[in-house]
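All values reported here derive from a predicted model rather than from experimental measurement. In what follows, chains are A, B, ... by sequence order, proteins preceding strands, each numbered from 1.
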Amino acid sequence: MAESEFEVRLKKLRELERLGLPPYKQKFKPNTNAKEIKERFQHLKPGEHEEKDSFKISGRILTIRDFGGSVFFHILDSTDKIQCFIEKRGNEQLLEFFKKLLDTGDIVGISGTVFRTKKGEITIYVKDMKVLAKCLHPLPEKWHGLKEIETRLRMRYLDLIMNPEVKEIFIKRHKIISFIREFLTERGFVEVETPILQPVPSGAVAKPFKTYHNELEMNLFLRIAPELYLKRLIIGGFDKVFEIGRNFRNEGVSSHHNPEFTMIELYQAYSDYNDLIELTEKLITELSLYVNGKCIVKQGEEEIEFSPPFPKISIKEEVIKRAGIPAEKIKDTEFLKEKLKGKIEIDEDDDWGEIIVKYFEKYVADNIKEPTFVIDFPVSTSPLAKRKEDDPDFVERFELYTFGMEIANAFSELNDPEDQRKRFEEQIKIRRMRELVEDMDWDFVKALEHGMPPTAGEGIGIDRLVMLLTGAQSIKEVILFPTMKPEDKT
RNA sequence: GGGUCAGUAGCUCAGCAGGUAGAGCAUGGGACUCUUAAUCCCAGGGUCGCGGGUUCGAUUCCCGCCUGACCCA
């Protein structure tokens with residue numbers, strides 16, 4: 001049987017070791033990069049060679065074009081690709097070394113000068129070269145690259161090598177997160193870290209991941225939200241806090257859901273949800289300008305320009321209008337059940353609030369494209385939010401929707417401990433809730449009893465925000481290593 | 001949970017109304033000093049996702065399973 005590519009490459013590795021050039025023991029410090037070289041030598045004319053300045057550059061070999069007496073190849077470093085050239089006339093030994101022992105995928109350190117080829121490409125004239133790591137597997141095809149989504153995700157490193165636009169997404173993701181961090185820090189927010197392992201999962205309605213602490217002999221849950229801890233900090237006297245971190249929800253995987261996802265939650269004392277509407281508009285606008293140069297959200301090819309103030313739509317009003325529900329019947333659970341039966345899936349336990357939210361999500365939310373604040377949430381679906389003064393069955397809350405996706409969720413925080421206790425008691429009575437959690441965070445009520453200033457809080461889904469600003473159509477495109485089942489090896 | 005589609009060489013893909021598989025790139029050998037999907041000649045490379053069934057014979061047809069994508073609830 002013929003040798004596999006792996007065996008061929010392994011042999012080359014052994015040969016390098018035999019020659020006293022073991023790749024994994026080499027040291028090399030580049031003093032420039034591809035982007036810098038290209039910028040610096042832009043002035044060179046075709047055929048011109050700047051022989052005075054010598055540079056050290058390193059990267060991964062991507063493609064090789066062998067001419068016998070000379071060889072061209074491209075290397076990729078973290079900044080860009082750049083072509084390199086070895087010729088017999090310059091260094092015959094080096095040329096032989098390269099042709100015998102180097103392959104695409106190898107990581108090399110190169111010393112050389114810079115010239116522009118007759119065809120016009122800035123190129124490194126290689127004087128010396130070290131193999132810093134041997135790539136023992138062939139790289140994916142140079143023209144079509146790596147396409148299969150499954151392989152791209154399972155071997156994300158190959159995806160990143162072969163598909164520059166993938167790397168761009170994650171660089172943009174980094175920019176987005178650091179912008180938000182700076183935006184809030186400038187406004188006096190303090191970044192904090194709160195428990196991921198929580199004895200009582202809280203702050204959202206979702207199925208938690210459960211784990212166990214051996215020494216403490218106790219159940220712990222991976223947080224579904226940091227909310228109640230951050231509010232404890234407001235009680236403790238931090239007026240503005242935020243946390244960027246991973247949350248975990250033991251639920252389905254889809255193009256918009258990953259079991260672990262990144263959220264930012266921020267809390268601001270002496271404010272209400274209207275202040276957060278302003279803050280959110282400013283944040284999204286400035287962020288989009290910063291990463292994209294203009295105020296746009298994208299989904300695939302579709303791009304929508306937006307500008308503040310964002311439109312607001314009321315769940316209550318939309319349901320009245322679209323479902324033809326008389327305004328005075330909007331809180332009539334039995335009426336709604338009868339009227340909307342068949343249009344949405346109604347649970348036995350659902351009250352009017354849950355029903356109108358379900359209707360809204362199914363018939364209105366999907367059609368929202370430009371950033372839009374959805375307001376007028378019923379109290380039963382918002383157990384941590386403050387009631388509206390003019391209608392205590394609704395709360396001071398908004399969700400920001402774009403392209404049918406929920407991006408942010410904010411409200412004036414409920415700071416009345418008696419009402420909070422009542423709402424927890426109501427919640428735990430609901431069967432669906434009991435299926436999710438064993439108990440409520442009663443200790444939080446005790447914290448509230450010590451007095452929490454009027455506060456507004458907001459959570460923003462970072463993954464979805466990155467999707468909107470990069471045009472990614474699946475959350476998997478903005479999470480480096482999305483949750484996947486292992487391949488079945490049998 | 002239901003439906004549709006996909007899994008064939010390292011990668012990108014063909015193919016087979018059932019007779020144990022092809023191309024390009026990549027790899028090995030040869031030619032070639034300005035190419036960039038280099039070119040030209042030659043060669044090697046496959047448990048056709050896994051398991052079962054039908055059949056003289058299955059990568060192809062049927063059933064189950066695994067993994068993934070999309071749609072629906």
Acceptor/donor pairs from residues 338-347 of chain A side chains to any protein atom, 3.5 angstrom cut, sequence neighbours excluded:
from, atom 1, to, atom 2, distance (Å)
A:Glu338, OE2, A:Lys341, NZ, 3.4

Quiz item: Partner of B:rU4 by Watson-Crick or G-U wobble geometry, both contacts under 3.5 Å, or none?
Solution: B:rA69
Exercise. State the pairing partner of B:rG44; accept Watson-Crick or G-U wobble contacts with both distances under 3.5 Å, and report none otherwise.
Key: none
Quiz item: Rounding to the closest angstrom, what is the interatomic distance between B:rC72 and B:rC61 at atom P?
Solution: 29 Å
Self-check item: Separation between CZ of A:Arg464 and CE of A:Met263, rounded to the nearest 0.5 Å
Solution: 10.0 Å
Quiz item: Watson-Crick or G-U wobble partner for B:rA23, using a 3.5 Å limit on both distances?
Solution: B:rU12
Practice problem: Kindly write out the residues that satisfy ring pair (Phe, Tyr, Trp, His ring centres under 6.0 Å) with A:Phe170, not counting sequence neighbours, or none if the list is empty. | Solution: none
Self-check item: Nearest-angstrom distance from the residue atom CG of A:Leu158 to P of B:rU12
Solution: 10 Å
Quiz prompt | Pairwise P distance, B:rA21 and B:rU33 [rounded to whole Å] | solution = 41 Å
Quiz prompt | Rounded C1' spacing from B:rC25 to B:rU39 in Å | solution = 14 Å
Exercise. Look at all strands and tell whether A:Phe115 reaches a base, only sugar-phosphate, or nothing, counting heavy atoms closer than 4.0 Å.
Key: base
Exercise. Check every strand shown and say whether A:Lys81 touches a base, only sugar-phosphate, or nothing at a heavy-atom separation below 4.0 Å.
Key: nothing
Practice problem: Sort out the partner of B:rC61 for me: Watson-Crick or G-U wobble, both distances under 3.5 Å, none otherwise. | Solution: B:rG53
Self-check item: Gap in Å between the two C1' atoms, one belonging to B:rG30 and one to B:rA17, rounded
Solution: 44 Å
Practice problem: Could you tell me whether A:Lys147 contacts a base, only the sugar-phosphate backbone, or nothing, with contacts defined as non-hydrogen atoms closer than 4.0 Å? | Solution: sugar-phosphate
Quiz item: Which nucleotide in the set B:rU27, B:rC34, B:rG10 lies at the smallest distance from any side-chain heavy atom of A:Val8?
Solution: B:rU27
Quiz prompt | Output field: ring centroids A:Phe85/A:Phe73 closer than 6.0 Å | solution = no
Quiz item: In whole angstrom, what separates A:Ile64's CD1 from B:rA37's P?
Solution: 15 Å
Self-check item: Atom C1', compared across B:rG28 and B:rG68: separation rounded to whole Å
Solution: 34 Å
Quiz item: Under a 4.0 Å N-O cut-off, is there an ion pair linking A:Asp159 with A:Arg154?
Solution: no
Exercise. Please tell me which of the listed nucleotides, B:rC34, B:rU12, B:rU36, lies nearest to the side chain of A:Leu146?
Key: B:rU12
Quiz item: Of A:Thr123 and A:Met155, whose nearest nucleotide on RNA chain B comes first from the 5' end?
Solution: A:Met155
Self-check item: Contact list for RNA chain B against residues 86-108 of chain A - heavy-atom distance below 4.0 Å
Solution: A:Glu87, A:Lys88, A:Arg89
Quiz item: Given the P atoms of B:rC16 and B:rG52, what is the spacing between them in whole Å?
Solution: 27 Å
Self-check item: Test ring pair (Phe, Tyr, Trp, His ring centres under 6.0 Å) applied to A:Phe221 - qualifying residues, sequence neighbours left out
Solution: none
Report, one line per pair, each donor and acceptor closer than 3.5 Å where one atom sits in a side chain of residues 61-72 of chain A; sequence neighbours left out.
from, atom 1, to, atom 2, distance (Å)
A:Thr63, OG1, A:Arg65, NH1, 3.4
A:Arg65, NH2, A:His74, ND1, 3.2
A:Arg65, NH2, A:Gln83, OE1, 2.8
A:Asp66, OD1, A:Gly68, N, 2.8

Practice problem: For A:Gly145, report the nucleic acid contact type (base, sugar-phosphate, nothing); a contact means any heavy atom under 4.0 Å. | Solution: sugar-phosphate
Exercise. Take atom P in B:rG15 and the same atom in B:rA6, then report the distance between them in whole Å.
Key: 12 Å
Practice problem: Measure from the side chain of A:Glu148, starting at C-beta and using heavy atoms only, and say which of B:rU27, B:rC34, B:rU12 lies closest. | Solution: B:rU12
Quiz item: Measuring from A:Ser58:OG to A:Ile107:CD1, what's the distance to the nearest 0.5 Å?
Solution: 8.5 Å
Exercise. Could you verify whether a donor N or O on one side chain and an acceptor N or O on the other, from A:Thr113 and A:Glu50, lie under 3.5 Å apart?
Key: no
Quiz item: Does B:rU39 have a Watson-Crick or wobble mate here (both distances under 3.5 Å), and if so which one?
Solution: B:rA31
Exercise. Can you check each nucleotide of nucleotides 68-73 of chain B against protein heavy atoms at under 4.0 Å and return B for base, S for sugar-phosphate only, - for none, in 5' to 3' order?
Key: SS---S
Self-check item: A:Arg397 to A:Phe377 six-membered ring, cation-pi geometry met (6.0 Å, 45°)
Solution: yes
Exercise. For B:rG19 versus B:rG7, give the span between their C1' atoms, rounded off to a whole number of Å.
Key: 24 Å
Self-check item: Between C1' of B:rA26 and CD of A:Glu141, the distance in whole Å
Solution: 8 Å
Practice problem: May I ask you to establish whether A:Lys329 and A:Phe335 are in a cation-pi arrangement, using a distance under 6.0 Å from NZ or CZ to the six-membered ring centre and at most 45° from the ring axis? | Solution: yes
